[in-house]
Novice: 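Quick one: the structure is below, and I'll ask about it shortly.
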Amino acid sequence: MHQFTISLHSPFLHSFPSHAHSLLSIFPSNPRLILPISSPNRPHSPFACAGIQLSLPCHYSTSLSSPNGVLHNWKLRSLGLKNIDVATLGNLCVDIVLSVPELPPRLPEARKAYMEQLSASPPDKQYWEAGGNCNVAIAASRLGLSCATIGHVGNEIYGNFLLDVLRDEKISVVGMSEDIDVTDSSSISYETLLCWVLVDPLQRHGFCSRADFSDEPAFSWVSKLSTEVKTAIKQSKVLFCNGYGFDELSPSLMVSALDYAVEVGTSVFFDPGPRGRSLSTGTPEEQKALHHFLKMSDVLLLTSDEAESLTGIEDPLLAGQKLLMSGIRTKWVIVKMGSKGSILVTVSSISCAPAFKVDVIDTVGCGDSFVAAIAYGFIHNLPLVNTLAIANAVGAATAMGCGAGRNVATLEKVIELIRASNLNEDDEFWNELVKNLDSQEITFLSKMVINGSNNHLNRIALQKVVSDLLPKLESAPLEGKVAS
């Protein structure tokens with residue numbers, strides 16, 4: 001057996017929080033804009049912080065089957081071990097969260113002028129926060145998963161801020177390019193991306209980035225997957241990608257990452273987000289790439305509106321089933337329904353879980369942290385309804401805070417919510433949703449269970465789920481993580 005060691009260093013990227021779907025009416029063509037912040041520093045990334053050591057022995061394949069009958073088929077290739085639980089691809093940024101008297105105007109030129117006015121005076125550091133896929137990685141790390149982020153970050157104050165945040169959260173950062181002496185690296189194309197998160201007096205959000213003012217991806221200079229990126233993908237159990245990755249990386253590069261993950265047995269999670277709609281009507285390359293992700297991903301995550309947009313089916317269960325049947329490798333389709341809860345569709349079953357009741361402060365980052373908990377359940381082979389329960393709890397715990405990044409759910413808050421067991425049960429809604437499904441087993445999380453099941457509807461007691469989840473969550477801080 002030949003074995004060698006590779007040190008992963010650090011760079012990254014940007015995007016918006018996945019909740020930007022609420023802003024499609026504000027920015028109909030692309031709910032992201034980003035502002036240029038000039039910097040004299042070279043962004044070639046001295047990615048030496050947050051390094052990790054990976055060993056790559058000889059290859060062999062194996063398959064893992066969960067207690068739910070869901071075949072993961074990871075084809076693990078390094079002595080059966082993958083020492084990163086979750087890697088995120090792209091969509092890294094610094095959020096600048098500001099209160100504004102009104103949200104940006106609709107016309108592109110007016111929006112650009114608005115952004116330039118904002119960027120003229122660099123905001124105080126108290127308004128900075130890690131954004132985009134940092135939310136997924138931070139939430140996953142707090143659940144005890146080992147995490148890496150793949151992307152680009154410039155060598156300036158914003159990039160250093162992101163690296164510090166991720167290092168403190170025990171998350172590794174893997175660079176997109178092996179060539180650190182990029183020609184004209186002083187260009188804005190190599191700077192850390194910023195997302196302006198603007199909040200008006202009515203608490204409506206606007207998300208703005210420089211990607212709105214270019215027809216090219218923000219990091220179009222990245223032309224191939226580096227050795228370090230391939231190593232990180234290969235050593236990960238799950239690679240998470242979302243629609244905002246297309247704002248920074250070319251469709252061909254996104255597809256290359258997906259295909260490589262499939263080749264080396266890494267499971268792919270894909271959340272098209274609000275970008276799914278524009279990708280589905282975008283360039284031929286974007287349409288083809290979106291179709292490929294929907295076909296080849298192991299797990300799809302969408303809101304009910306996004307599922308309807310991609311399938312033309314209003315019923316979230318039927319839309320989820322269509323996406324599942326249209327896929328080649330799809331194992332799970334998860335539909336998020338906000339305050340109602342979430343559903344998980346497989347070939348043989350449907351699982352439903354009402355949301356937890358909380359006082360909502362801010363929904364920013366809820367969808368991202370929800371993804372992290374789904375990955376937790378997938379990796380640990382939890383029963384499907386348990387996976388939904390913990391994901392709902394993590395999303396709800398994030399909603400109780402203000403903003404994303406370091407403000408996403410803490411493990412303590414998640415445990416507190418699960419212990420309280422306060423479900424937002426709406427029997428009328430759920431009965432209406434499942435009334436036409438007679439052929440599949442439906443598992444439903446319920447606070448009160450009478451006689452266990454009713455025909456094909458199997459009610460699972462919340463207290464049983466809680467008793468199963470708490471020991472796992474309480475031991476999470478003891479689990480090993482990737483060294484920073």
Novice: Between the side chains of Thr266 and Lys82, is a donor N or O closer than 3.5 angstrom to an acceptor N or O?
Specialist: yes
Novice: Only one of Asp368, Asn407, Thr88 forms a side chain to side chain donor-acceptor pair (under 3.5 Å) with Asn135, so which one is it?
Specialist: Asp368
Novice: Quick check: do Leu294 and Leu310 have side-chain heavy atoms less than 4.5 Å from each other?
Specialist: yes
Novice: Does any N or O in the side chain of Ser256 come within less than 3.5 Å of the main-chain N or O of Ser252, such that one atom is a donor and the other an acceptor?
Specialist: yes
Novice: Report the distance from atom SG of Cys93 to atom CD of Glu129, rounding to the nearest 0.5 Å.
Specialist: 10.0 Å
Novice: Please examine the side chains of Cys352 and Leu445, heavy atoms only from C-beta on, and report whether any two atoms are closer than 4.5 Å.
Specialist: no
Novice: How far apart are the closest heavy atoms of Arg406 and Ile138, and which atoms are they?
Specialist: N-CD1, 4.2 Å
Novice: Say you draw a straight line from CD1 of Ile328 to CG of Asp298; how long is it, rounded to the nearest 0.5 Å?
Specialist: 12.0 Å
Novice: Can you check side-chain contact (heavy atoms from CB on, under 4.5 Å) on Thr149 and Val174, steps first, answer last?
Specialist: CA-CA 6 Å; Thr149 54; Val174 183; over 6 Å; no
Novice: Is the backbone N or O of Ser326 less than 3.5 Å from a side-chain atom of Lys295, with the two atoms forming a donor-acceptor pair by type?
Specialist: yes
Novice: Using a strict cut-off of less than 4.0 Å between a Lys/Arg side-chain nitrogen and an Asp/Glu carboxylate oxygen, indicate whether Asp468 and Lys472 qualify as a salt bridge.
Specialist: no
Novice: Using the rule given for side-chain contact (heavy atoms from CB on, under 4.5 Å), can you reason through Met176 versus Leu249, listing the C-alpha separation, both sets of side-chain angles and the distance that settles it, and then say yes or no?
Specialist: CA-CA 10 Å; Met176 288 301 299; Leu249 304 175; 4.0 Å; yes
Novice: Cut-off 3.5 Å, side chains only: do Ser348 and Glu441 have a donor facing an acceptor?
Specialist: no
Novice: Of all the heavy-atom pairs spanning Ala261 and Val268, show the shortest one and how long it is.
Specialist: CB-CG2, 3.6 Å
Novice: Donor-acceptor pair, distance only, cut-off 3.5 Å: does the side chain of Thr303 make one with the backbone of Met337?
Specialist: no
Novice: Taking all atoms of both residues into account, what is the closest heavy-atom pair of Phe246 and Ala289, and its distance?
Specialist: CE2-CB, 3.6 Å
Novice: Rounded to the nearest 0.5 Å, what separates atom CD1 in Ile374 from atom CZ in Phe240?
Specialist: 11.0 Å
Novice: Using the side-chain contact (heavy atoms from CB on, under 4.5 Å) rule, take Asn458 and Ile442 through it: C-alpha gap first, then chi angles, then the decisive distance, then the call.
Specialist: CA-CA 6 Å; Asn458 181 30; Ile442 302 172; over 6 Å; no
Novice: Give a yes or no answer on whether the side chain of Asp426 reaches the backbone of Phe429 with a donor-acceptor pair at less than 3.5 Å.
Specialist: yes
Novice: Identify the heavy atoms of Leu162 and Val153 that sit nearest to each other, and give their distance.
Specialist: CD1-CG2, 4.3 Å
Novice: Looking at every heavy atom in both Leu433 and Pro316, which two are closest together, and how far apart are they?
Specialist: CD1-CG, 3.6 Å
Novice: Given 3.5 Å as the limit, does a donor-acceptor pair link the side chain of Ser309 with the main chain of Asp305, or not?
Specialist: no
Novice: Tell me whether the rings of Phe293 and Phe270 are parallel (<30°), tilted (30 to 60°) or perpendicular (>60°).
Specialist: tilted
Novice: Would you say the side chain of Phe444 lies within less than 4.5 Å of the side chain of Ser351, judging by non-hydrogen atoms?
Specialist: no
Novice: Treating Asp95 as the side-chain partner and Val97 as the backbone partner, does any N or O pair qualify as donor plus acceptor under 3.5 Å?
Specialist: no
Novice: Taking CG in Asp427 as the centre, count heavy atoms belonging to other residues, nucleotides or ligands within less than 6.0 Å. Is the count above 12?
Specialist: yes
Novice: So, Glu432 and Lys435, do they make that salt bridge, N to O below 4.0 Å?
Specialist: yes
Novice: Is Lys413 salt-bridged to Glu416, cutoff N-O under 4.0 Å?
Specialist: yes
Novice: Between Ser369 and Ala409 (side chain of the first, backbone of the second, donor and acceptor by atom type, cut-off under 3.5 Å), is there such a pair?
Specialist: no
Novice: One pair to check against salt bridge (Lys or Arg N to Asp or Glu O under 4.0 Å): Lys336 and Asp271. What are the steps and the verdict?
Specialist: CA-CA 11 Å; Lys336 301 168 283 184; Asp271 185 342; 3.1 Å; yes
Novice: Examine distances only and state if a side-chain atom of Ser250 and a backbone atom of Leu253 form a donor-acceptor pair shorter than 3.5 Å.
Specialist: yes
Novice: Run the side-chain hydrogen bond (donor to acceptor under 3.5 Å, both in side chains) test on Asn424 and Ser339 for me, step by step, so that the C-alpha distance in whole Å, both residues' side-chain angles and the decisive distance to 0.1 Å come before the verdict.
Specialist: CA-CA 8 Å; Asn424 181 30; Ser339 62; 4.8 Å; no
Novice: Please examine the side chains of Leu300 and Ile334, heavy atoms only from C-beta on, and report whether any two atoms are closer than 4.5 Å.
Specialist: no
Novice: Using a 4.5 Å cut-off on heavy atoms from C-beta on, say whether the side chain of Leu462 contacts that of Ser446.
Specialist: no
Novice: Can you tell me how far apart CD1 (Ile171) and CZ (Arg142) are? Round to the nearest 0.5 Å.
Specialist: 8.5 Å
Novice: Evaluate the side-chain proximity of Cys241 to Phe269: yes if any heavy-atom separation is below 4.5 Å, no if none is.
Specialist: no
Novice: Should Ser280 and Gln287 be marked as a side-chain hydrogen bond (donor to acceptor under 3.5 Å, both in side chains) after you check the CA-CA gap, both sets of side-chain angles, and the distance that decides it?
Specialist: CA-CA 5 Å; Ser280 66; Gln287 293 182 42; over 6 Å; no
Novice: Could you check Asn133 against Asn242 for side-chain contact (heavy atoms from CB on, under 4.5 Å), going step by step and ending with a plain yes or no?
Specialist: CA-CA 9 Å; Asn133 272 346; Asn242 66 15; 3.5 Å; yes
Novice: Could you tell me the separation between the CD1 atom of Ile418 and the OG atom of Ser421, rounded to the nearest 0.5 Å?
Specialist: 8.5 Å
Novice: Any donor and acceptor pair, going by atom type alone, linking the side chain of Ser141 with main-chain N or O of Ala137 inside 3.5 Å?
Specialist: no
Novice: Quick one: does NZ or CZ of Lys234 land under 6.0 Å from the six-membered ring centre of Tyr260, within 45 degrees of the ring axis?
Specialist: no
Novice: Any chance you could measure Arg277, atom CZ, to Glu308, atom CD, to the nearest 0.5 Å?
Specialist: 8.5 Å
Novice: If you compare all heavy atoms of Leu103 against all heavy atoms of Gly206, which two are closest, and at what distance to 0.1 Å?
Specialist: CD2-N, 3.7 Å
Novice: Mark yes or no for whether Thr311, through its side chain, and Ile313, through its backbone, hold a donor-acceptor pair below 3.5 Å.
Specialist: yes
Novice: Would you say that Ile415 contacts Glu474 through its side chain, given a criterion of any heavy-atom pair below 4.5 Å between the two side chains?
Specialist: yes
Novice: Quick one: are Ser342 and Asn392 in side-chain contact, heavy atoms under 4.5 Å?
Specialist: yes
